[in-house]
Undergrad: 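Could you have a look at this structure, given as structure tokens, before my questions?
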Amino acid sequence: MKLNGPPSDIHPVLRRSTAPPAALDLLSQAQHGLDEAAAQEQPNDRYATAHLAALRTAAAVLAVRGRPEATERARRKIRSAWEVLPEIAPELAEWSLHFASGATRRARAEAGIRGAVSDREADDLVRAVGVFLRTVERLLISQPAFPRARVEAESPAAARQ
């Protein structure tokens, strides 16, 4: 029996999330909203619900990385999540532009304007929000930490190989 070899029953050790509970809750709400959007039959409902899921996903990033504005004047100015997101998460700037461009369409869909969005537009948005949500989850949540394999060197020459 070899006592100092690699154990065969090693399981991944889950790290605690780096995201605060509020951000995790927003991500959970976003996933629920995305599931709800996918189940909607009407394109307007599907689109509006998916866009709201994208906003909740962006809000999770803001909850983790956002900082209050430095001046009182800046704090009084109302800015959309899509305006702020590229400033605090530049790697999500393209997503921000994509979802900001759909805000007017979402408002029309929420207002119940017939033909505000097509089936294809709604389906495309649902898929895009799914990718955005997964991207943000990877960005904010730690992945499982797998133990490193123990390497036992029998000699200095074996250690160099």
Undergrad: Give a yes or no answer on whether the side chain of Gln40 reaches the backbone of Ala37 with a donor-acceptor pair at less than 3.5 Å.
TA: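 No: the side chain of Gln40 does not pair with the backbone of Ala37.
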Undergrad: Which heavy atom of Val136 sits nearest a heavy atom of Val61, and at what distance?
TA: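 Nearest pair, atom of Val136 first, then Val61: CG1-CG2, 3.5 Å.
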Undergrad: When you group the ILVMFWY residues by side-chain heavy-atom contacts below 4.5 Å and let the links chain together, are Val129 and Val117 in the same group?
TA: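 In one cluster: yes.
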Undergrad: Please name the pair of heavy atoms, one in Ala63 and one in Ala23, separated by the smallest distance, quoted to 0.1 Å.
TA: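 Closest approach of Ala63 to Ala23: CB-CB, 4.2 Å.
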Undergrad: Does Thr135 reach the main-chain N or O of Val131 with its side chain, forming a donor-acceptor pair under 3.5 Å?
TA: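 Yes: the side chain of Thr135 pairs with the backbone of Val131.
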Undergrad: Which pairs, with at least one residue in residues 92-109 and sequence neighbours excluded, count as a side-chain hydrogen bond (donor to acceptor under 3.5 Å, both in side chains)?
TA: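 Only Arg106-Glu110 qualify under side-chain hydrogen bond (donor to acceptor under 3.5 Å, both in side chains).
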Undergrad: When you look at CD of Glu83, are more than 12 heavy atoms from neighbouring residues, nucleotides or ligands closer to it than 6.0 Å?
TA: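 Yes - once you tally the heavy atoms of other residues, nucleotides and ligands closer than 6.0 Å, there are more than 12.
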Undergrad: Any side-chain heavy-atom pair from Val64 and Pro20 closer than 4.5 angstrom?
TA: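 The answer is yes; the side chains approach within 4.5 Å.
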Undergrad: Quick one: list whatever passes ring-ring contact (aromatic ring centres under 6.0 Å, His included) with Tyr47, sequence neighbours left out.
TA: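 Counting only residues at least two positions away or on another chain, Tyr47 forms no ring-ring contact (aromatic ring centres under 6.0 Å, His included).
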Undergrad: To the nearest 0.5 angstrom, please state how far the CZ atom of Arg120 sits from the CG atom of Leu125.
TA: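 If we round to the nearest 0.5 Å, Arg120:CZ and Leu125:CG are 13.0 Å apart.
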Undergrad: Hydrophobic clusters here meaning ILVMFWY residues chained together by side-chain heavy-atom distances under 4.5 Å, can you tell me if Leu139 and Leu62 are in one?
TA: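 Yes; tracing contacts between hydrophobic side chains, which count when under 4.5 Å, links both residues.
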Undergrad: Quick one, Glu87 and Arg79 - any side-chain contact, counting heavy atoms below 4.5 Å?
TA: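 Yes, side chains in contact.
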Undergrad: With sequence neighbours excluded, tell me which residues meet salt bridge (charged side-chain N to carboxylate O under 4.0 Å, His left out) with Asp45.
TA: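 Residues passing salt bridge (charged side-chain N to carboxylate O under 4.0 Å, His left out) with Asp45: none at all.
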Undergrad: Look at the side-chain heavy atoms of Ile, Leu, Val, Met, Phe, Trp and Tyr, link any pair under 4.5 Å apart, and say whether Leu92 and Leu27 land in one connected group.
TA: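 Yes, Leu92 connects to Leu27 through the hydrophobic network.
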Undergrad: Nearest 0.5 Å, please: how far is CG in Asp25 from NE2 in His32?
TA: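 Answer for the NE2-CG pair, His32 versus Asp25, is 11.5 Å.
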Undergrad: Enumerate donor-acceptor pairs with a distance under 3.5 Å from any side-chain N or O in residues 51-60 to protein atoms, sequence neighbours excluded.
TA:
{"from": "His51", "atom 1": "NE2", "to": "Phe99", "atom 2": "O", "distance (Å)": "2.9"}
{"from": "Arg56", "atom 1": "NE", "to": "Gln29", "atom 2": "OE1", "distance (Å)": "3.3"}
{"from": "Thr57", "atom 1": "OG1", "to": "Ala53", "atom 2": "O", "distance (Å)": "2.8"}

Undergrad: Should Phe132 and Leu97 be counted in the same cluster of Ile, Leu, Val, Met, Phe, Trp and Tyr side chains packed under 4.5 Å apart?
TA: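 Hydrophobic grouping puts Phe132 apart from Leu97.
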Undergrad: Salt bridge check: are Asp123 and Arg127 linked by an N-O gap of less than 4.0 Å?
TA: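 Answer for the salt bridge query: no.
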Undergrad: List for me each residue that meets salt bridge (charged side-chain N to carboxylate O under 4.0 Å, His left out) alongside Arg114, sequence neighbours excluded, and say none if there are none.
TA: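 Partners of Arg114 under the salt bridge (charged side-chain N to carboxylate O under 4.0 Å, His left out) test: none.
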Undergrad: Looking only at non-hydrogen atoms, find the nearest pair between Leu133 and Ala30 and report the distance.
TA: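 Scanning both residues completely, I find the closest heavy atoms to be CD1-CB, 4.0 Å.
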Undergrad: Enumerate the salt bridge (Lys or Arg N to Asp or Glu O under 4.0 Å) contacts for residues 29-41, please, sequence neighbours excluded, ordered by first and then second residue.
TA: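 Qualifying pairs, neighbours excluded: none.
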Undergrad: Do Leu26 and Leu24 land in one hydrophobic cluster if side-chain heavy atoms of ILVMFWY residues count as linked below 4.5 Å?
TA: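 No; tracing contacts between hydrophobic side chains, which count when under 4.5 Å, never links both residues.
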